[in-house]
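Contents: one structure, followed by commentary.
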There are 2 protein chains.
Amino acid sequence: MVMKSEIQVFREYIRGRRLRRTPEREQILQEIFEIHGHFDVDELHLRLRDKASKVSKASIYRALPLFIDCGLVREVDFSDGHWHYEHIYGHAHHSHLRCLGCGEVLEFVEPGLGLLEVHLAREYGYRIKGHQLQVHGLCATCQEAE
Amino acid sequence: MVMKSEIQVFREYIRGRRLRRTPEREQILQEIFEIHGHFDVDELHLRLRDKASKVSKASIYRALPLFIDCGLVREVDFSDGHWHYEHIYGHAHHSHLRCLGCGEVLEFVEPGLGLLEVHLAREYGYRIKGHQLQVHGLCATCQEAE
DNA sequence: AATGCAATTGAGAATCAATTACAATAATAT
DNA sequence: ATATTATTGTAATTGATTCTCAATTGCATT
Ligand SMILES: [Mn+2]
Ligand SMILES: [Mn+2]
Ligand SMILES: [Zn+2]
Ligand SMILES: [Zn+2]
């Protein structure tokens, strides 16, 4: 079975909720697919302006929750004062290792966290929705520069 | 060997850095020890006002990084738009399980994360400084209320 | 194709946590 | 005591995000 394209997923989501398909939303989504890695609202807005799109920041802020809600995008928390995002459709869930010096971000998969969720659910009677794990430190380069 | 008291730790930290020991800082620290659990700046400020202390929010914002720096306090990220804190001197490092419905926060220890840090350090050449793990879901009560 | 309704938009105002400038105060060293 | 300079409170500022509002536009129905 072939995977639906992101734009298909989004259109079906829109249709199923009496929302409207607009060029703004599709431009934003399109741009998000083309971003390799993590991004924030400012970056996304600048990239769109560079392509002569006139989408406003307000619309980006309004569109992101929709993409998150339909499983295309995820919030990433780098604890630096604003939200970052990444597209995740078809990507495995992963965690982030971030260098406090240069800001480099590496991704890794920690399989043990699935089990942990099961244990927590049993022990505390929770229905687990998800988790976020960030590890931070200094990359090799930034260690030398100290 | 007896553990130093928090106030001792702070005073030594102050002395070692040409900073000044002020009643404001010590009032704030004192209050933090008396808080059972997690708190934010507003809560802390209100509690101090209730005790007739006139410490300003600005001073709280200025003091917290000092307490964090000397290992007495930790930032806690509940991803709800502002920072939370907890005193940690003498407490084991732990993670948080948070209910998205009512905001309840449970603490748990996941010993596997120590090993994970070692692996990451080896594999990527990082010097690891720490990690944050938050799990979120719905508590038993909030599941029923759905 | 024209109509009506409600969703969406852009612009800018509002909000809110956190930071900062500034002048007054007060802690330490001499 | 005096000089030095860190710290304080107040109020202004910043920066990310949300909200307001009037104008526009998608879409279902004629
Ligand atoms: Mn990622
Ligand atoms: Mn805790
Ligand atoms: Zn680095
Ligand atoms: Zn709950």
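The structure displayed is predicted, hence computed values, not measured ones. Residue numbering restarts at 1 for every chain, and letters A, B, ... go by the order of the sequence lines.
- Going from atom CG of A/Asp80 over to atom C1' of C/dA17 covers 15 Å, rounded to whole Å.
- Heavy-atom nearest nucleotides on DNA chain C were determined for A/Arg25 and for B/Val41, and the one closer to the 5' end corresponds to A/Arg25.
- Ranking C/dG10, D/dA16, C/dA18 by closeness to the A/Asp42 side chain, first place goes to D/dA16.
- If you measure from atom CD of B/Glu75 to atom C1' of C/dA18, you get 12 Å, rounded to the nearest angstrom.
- Listed for the B/His119 side chain is no donor-acceptor partner under 3.5 Å among the backbone atoms of B/Glu117.
- One can place CZ of B/Arg15 at 18 Å from P of D/dA6, the figure rounded to the nearest angstrom.
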Along nucleotides 19-28 of chain C, 5' to 3', which nucleotides get a B, which get an S, and which get a -, given that the test is a protein heavy-atom distance under 4.0 Å?
BBB----BBS
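- Atom C1' of nucleotide D/dC19 and atom CD1 of A/Ile60 are separated by 17 Å, given to the nearest angstrom.
- Remark: the backbone N or O of A/Ile7 is not paired with any side-chain donor or acceptor of A/Glu12 at under 3.5 angstrom.
- Rounding to whole angstrom units, CZ of residue A/Arg18 and C1' of D/dC27 are separated by 13 Å.
- One atom, CZ of A/Phe10, and another, C1' of D/dG26, lie 13 Å apart when rounded to the nearest Å.
- When only modelled atom types and interatomic distance are considered, B/Tyr13 and B/Asp69 share a side-chain donor-acceptor pair under 3.5 Å.
- The aromatic rings of A/Tyr124 and A/Tyr126 stand perpendicular to each other, their planes meeting at an angle above 60°, with 30° marking the opposite boundary.
- B/His96 pairs with exactly one of B/Gln134, B/His38, B/Gln132, B/His84 by the side chain to side chain donor-acceptor pair (under 3.5 Å) rule, that one being B/His38.
- With rounding to whole Å, A/Leu64 atom CG is found 13 Å from D/dT18 atom C1'.
- Protein atom CG of B/Asp77 is 11 Å distant from nucleotide atom P of C/dA18, rounded to whole Å.
- Residue A/His36 qualifies as open at atom NE2: its count of foreign heavy atoms under 6.0 Å is 12 or below.
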